[in-house]
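Report on the structure given below.
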Amino acid sequence: MVERRLPKVRDLAPLMHFKAPDLNAKRRRLDKALTIADLQKIARRRTPKAAFDYTEGAAEGEISLARARQAFEDIQFNPAILRDVSTVKTGWDVLGAPVSLPFGIAPTGFTRMMQTEGEIAGAGAAAAAGIPFSLSTMGTTAIEDVKATNPNGRNWFQLYMWKDRDRSMALVDRAAAAGFDTLLVTVDVPVAGARLRDKRNGFSIPPQLTLGTVVNALPRPEWWINFLTTEPLAFASLDRWSGTVGELLDSMFDPTVTFDDLAWIKAQWPGKIVVKGVQNLSDARQLADLGVDGIVLSNHGGRQLDRAPIPFHLLPEVVREVGSEYEVHLDTGIMSGADIVAAVALGARFTLVGRAYLYGLMAGGREGVDRMIQILGGEITRTMRLLGVNSLEELEPGHVTQLERLIPRARAEAAEREPSGL
């Protein structure tokens, strides 16, 4: 029989600690975000549909993006036990200079459309965290202003090769003059992908005001106040544009670009050069022959060719074949620090996050990007400790098993023909 009694105040006091209320609404909502998915939900609530869908969406049926995310879920970690993981080192050298974490901020276009602080928030957060920030050709902040925000950190410039070559190379010259250390040449955009959400939303620069747009904006007054009371949206690298995003992209991208053009760009750039958008082993080998410093396995976040190869699935083979010749980086589908750890274990030297960055930006401006980095950094550290490793150098393929959901037909038929050994 349990004996009951009335509780005494002195017994309850140690068990009851009331948290002081936080009057800062932004800080309250960001503190509640424990994952990138939490930031995504906040961003959706606070951003008009057309702008949010530009970030969230992908090409056509959005199969490439779904498969890329599924690939990270379809892994098994293989931890070691009884290791001293009291200290964990999450940084190493990338392209010849140190980074504090194995990820950086990917180049994103139209960024101030998502949230008015735009690239300044991203560059400032990257500087504070000790990770690279990448400015897109389609960015909405000037090259020189990004450098001023991140004067001592790693700044990378992403180049789309335009039909107007002189104009393209003028941007390269500006980035070099500003002290950007790496040129990211994106090569998977001979034409713009079919981003159906943008077409359905009438996403344009500037935004088209329709009855639906106004109704959707009513519960999001802060976005509109910021948009209407700050510097008009303009592209850092080109004149103002009035038209749809697709029309803008198709007017710029050059479908005639070849490996010879890439060699020509490389000869004019004084820093490191990385090619972004590699999707097969043959192209990776050819780039090794060209002498670039690194590649990014990427299908453009699923925003170009739908049903494209899954970068995370390509990673082990590409690293095995060309990883000794240059650094292999990876993007597309990353939604957690565990995803990043898995990529590093399979040979990626570095990763880039785009949507995760924009979710943080839309959720809370600069503070939201800081929170995004904090979340991913914390997940990386915790995953490494649970795997039993102290540093990125200790991660190796044995820590990850890729579970096969989508097996190419030829491989599946070959497996059926092989004797089981039973």
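Reckoned from all heavy atoms, side chains included, excluding hydrogens, waters and symmetry mates. Just so it is clear, the model here is predicted, and its values are computed rather than measured.
For the pair R174 and E144, the salt-bridge criterion is met [side-chain N within less than 4.0 Å of a carboxylate O]. Salt bridge E393/K89: present, at least one basic N to carboxylate O contact under 4.0 Å. Taking 4.0 Å as the cut-off between side-chain N and carboxylate O, D181 and R154 count as a salt-bridged pair. Comment: R27 does not engage D31 in a salt bridge, judged by the lack of any side-chain N to carboxylate O separation of less than 4.0 angstrom. In this structure, R197 pairs ionically with E62, as a charged nitrogen and a carboxylate oxygen lie closer than 4.0 Å. The existence of a salt bridge linking D370 and R366 is confirmed by a sub-4.0 Å separation between a basic side-chain nitrogen and an acidic carboxylate oxygen.
Side chain to side chain, S298 and D331 meet the donor-acceptor criterion of an N or O pair below 3.5 Å. Checked by atom type, the side-chain pair Q158/T186 shows a donor-acceptor distance below 3.5 Å. For the residue pair Q70 / R67, no side-chain donor-acceptor distance below 3.5 Å is found, with atom types taken as modelled. Side-chain contact of N78 with T401: a donor-acceptor pair under 3.5 Å is present, judged by distance alone. Using a 3.5 Å distance cut-off with no hydrogens or angles, the side chains of Q402 and Q76 do not pair a donor with an acceptor.
A donor-acceptor distance shorter than 3.5 angstrom exists from the side chain of W223 to the backbone of M113, with no hydrogens or angles considered. Side-chain atoms of T332 come within 3.5 Å of backbone N or O of G301 as a donor-acceptor pair. A donor-acceptor contact shorter than 3.5 Å is absent between the side chain of Y359 and the backbone of R44. Between the side chain of T90 and the backbone N or O of S100 there is at least one donor-acceptor pair closer than 3.5 Å. Using a distance-only test at 3.5 Å, with no hydrogens or angles considered, no donor-acceptor pair links the side chain of R46 to the main chain of R220. Counting only distance, with no hydrogens or angles, the side chain of R371 and the backbone of L30 share a donor-acceptor pair below 3.5 Å. Side chain of N390 to main chain of D84: a donor-acceptor pair is present (N/O by atom type, distance under 3.5 Å, no hydrogens or angles). A donor-acceptor pair is defined here as one N or O able to donate and one able to accept, closer than 3.5 Å; no such pair exists between the side chain of N150 and the backbone of G124. With hydrogens and angles ignored, the 3.5 Å screen pairs no side-chain donor or acceptor of E56 with any backbone N or O of R355. S64 places a side-chain N or O within donor-acceptor distance of the main-chain N or O of L305, the cut-off being under 3.5 Å.
Not less than 6.0 angstrom separates the ring centroid of F103 from the ring centroid of F350.
At a threshold of 4.5 Å between non-hydrogen side-chain atoms, the residues V292 and V274 do not count as touching. For the pair V341/M384, a side-chain contact is recorded, criterion being any heavy-atom separation below 4.5 Å from C-beta on. Within the 4.5 Å cutoff, the side chain of F180 has heavy atoms near those of the L135 side chain. In this structure, P132 and V99 have side chains that are in contact, with non-hydrogen atoms separated by less than 4.5 Å. A heavy-atom distance below 4.5 Å is not found between the side chains of I375 and L34. Within the 4.5 Å cutoff, the side chain of P98 has heavy atoms near those of the D93 side chain. Looking at heavy atoms from C-beta onward, Y326 lies out of side-chain contact with V275 at the 4.5 angstrom threshold. At least one side-chain heavy atom of T137 sits under 4.5 Å from a side-chain heavy atom of L171.
Residues P102 and I340 come closest through the heavy atom pair CG-CG2, 3.7 Å. The shortest heavy-atom contact between L387 and F77 is CD2-CB, 3.8 Å. A345 and H399 get closest at one heavy-atom pair: CB-CB, 4.4 Å. The two residues L346 and V319 make their nearest non-hydrogen contact at O-CG2, 3.9 Å. For the residue pair S168 and L159, the shortest heavy atom distance occurs at O-CD1, 3.9 Å. A342 and I75 make their closest contact through CB-CD1, 3.6 Å (heavy atoms, listed as atom of the first residue, atom of the second, distance).
For the atom pair CE (M161) and CH2 (W264), the distance works out to 4.5 Å, reported to the nearest 0.5 Å. Here I36 contributes atom CD1 and K41 contributes atom NZ; the two are 13.0 Å apart, rounded to the nearest 0.5 Å. Taking CG of D293 as the reference point, atom CG of L287 lies at 11.5 Å (rounded to 0.5 Å). Once rounded to the nearest 0.5 Å, the distance linking CD1 of I295 with CG of D283 reads 9.0 Å. Annotation: the span from D306 atom CG to N299 atom CG amounts to 9.0 Å, rounded to 0.5 Å. Atoms CG and OG1, from D339 and T383 in turn, are 9.0 Å apart once rounded to the nearest 0.5 Å.
Screening L184, L183, V146, I105 for a side-chain contact (heavy atoms from CB on, under 4.5 Å) involving W156 leaves a single residue, L184. Between I131 and the choices L101, L376, V353, the side-chain contact (heavy atoms from CB on, under 4.5 Å) rule is met once, by L101.
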One pair to check against side-chain contact (heavy atoms from CB on, under 4.5 Å): I273 and V185. What are the steps and the verdict? CA-CA 7 Å; I273 188 163; V185 183; 4.0 Å; yes
For the pair T116 and T230, evaluate side chain to side chain donor-acceptor pair (under 3.5 Å) and give the outcome as yes or no after the intermediate values. CA-CA 7 Å; T116 191; T230 56; 2.9 Å; yes
If you apply the rule side-chain contact (heavy atoms from CB on, under 4.5 Å), what do you find for H329 with E327, and how did you get there? CA-CA 6 Å; H329 301 181; E327 292 186 8; 2.9 Å; yes
Derivation and outcome, side-chain contact (heavy atoms from CB on, under 4.5 Å), residues Q40 and M335: CA-CA 10 Å; Q40 179 187 25; M335 285 288 284; 3.9 Å; yes
Report the C-alpha distance between L262 and V257 in whole Å, list the side-chain angles of each, state the deciding distance to 0.1 Å, and finish with yes or no for side-chain contact (heavy atoms from CB on, under 4.5 Å). CA-CA 8 Å; L262 182 61; V257 173; 6.0 Å; no
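Screening residues 288-320 for ring-ring contact (aromatic ring centres under 6.0 Å, His included) gives F72-F312 as the qualifying pairs, with residues at least two apart or on separate chains. For the side chain to side chain donor-acceptor pair (under 3.5 Å) condition, the pairs that include at least one residue of residues 117-130, sequence neighbours left out, are T111-E119, Q115-E117, E119-T140, E119-T141.
Around CG of L403, the count of heavy atoms belonging to other residues, nucleotides or ligands within 6.0 Å exceeds 12. At most 12 heavy atoms of other shown residues, nucleotides or ligands fall within 6.0 angstrom of atom CG in N152.
Under the 30°/60° scheme for interplanar angles, the aromatic rings of Y54 and F110 are found to stand perpendicular.
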